[in-house]
Amino acid sequence: MTLLTMGAGQLDEARLSSAGRASRTLHSGARLRQTLIALTAGTRMNEHQSPGDATVQCLQGHVTLRTRERSITVAAGQLVDAPPERHDLLADEDSLIILTVGVA
């Protein structure tokens, strides 16, 4: 099964969810956690502190990471470091992302 195939199912779940999102853990190990997250257009992951070393990879759609100082646009095919300060994430359109977080 490909990530996009899994993601299509996650997007279907997100569209049925009142929260507008659905997620699935892809990998959870001693040092790394990867989560596939589907977000419907307009869905916001509220402001939160950065979990440490983390990246956001957009597989489909378009999202915006926002801090108090800046906005980082992430389009399909792009990978960015998660801001090390408090931030939120907004799905500008139906989107699939992979959140990768280093765990200690």
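Each residue takes its place number in the sequence, starting with 1. These numbers come from a predicted model, not from an experiment.
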Distance-minimising heavy-atom pair for [X] and [Y]:
X     : Y     : result
Ala75 : Gln78 : N-OE1, 2.7 Å
His27 : Leu32 : CD2-O, 3.3 Å
Ala14 : Ala38 : CB-O, 3.8 Å
Val56 : Val74 : O-CG1, 4.3 Å
Pro83 : Leu65 : CD-CD1, 3.9 Å
Val63 : Ala91 : CG1-CA, 4.0 Å

ILVMFWY network linking Val101 to Ile98, side-chain heavy atoms under 4.5 angstrom: no
Single-linkage hydrophobic cluster, 4.5 Å side-chain cutoff, Leu11 and Leu3 together: yes
Is [X] reaching over with its side chain to a backbone N or O of [Y], donor-acceptor style, under 3.5 angstrom?
X     : Y     : value
Asp94 : Ala41 : yes
Thr35 : Arg24 : no
Ser23 : Leu36 : no
Ser95 : Glu93 : yes
Thr67 : Arg70 : yes

Thr73: partners by side chain to side chain contact (heavy atoms under 4.5 Å, CB included), with sequence neighbours left out: His62, Thr64
Side chain to side chain contact (heavy atoms under 4.5 Å, CB included) involving Arg86 - partner list, sequence neighbours excluded: Glu47, Gln49
Ser28-Thr25 side chain donor-acceptor pair, cut-off 3.5 Å: no
Trace of the side-chain contact (heavy atoms from CB on, under 4.5 Å) decision for Leu39 with Met45: CA-CA 9 Å; Leu39 303 161; Met45 294 177 70; 4.1 Å; yes
Asp92 atom CG: more than 12 heavy-atom contacts under 6.0 Å: yes
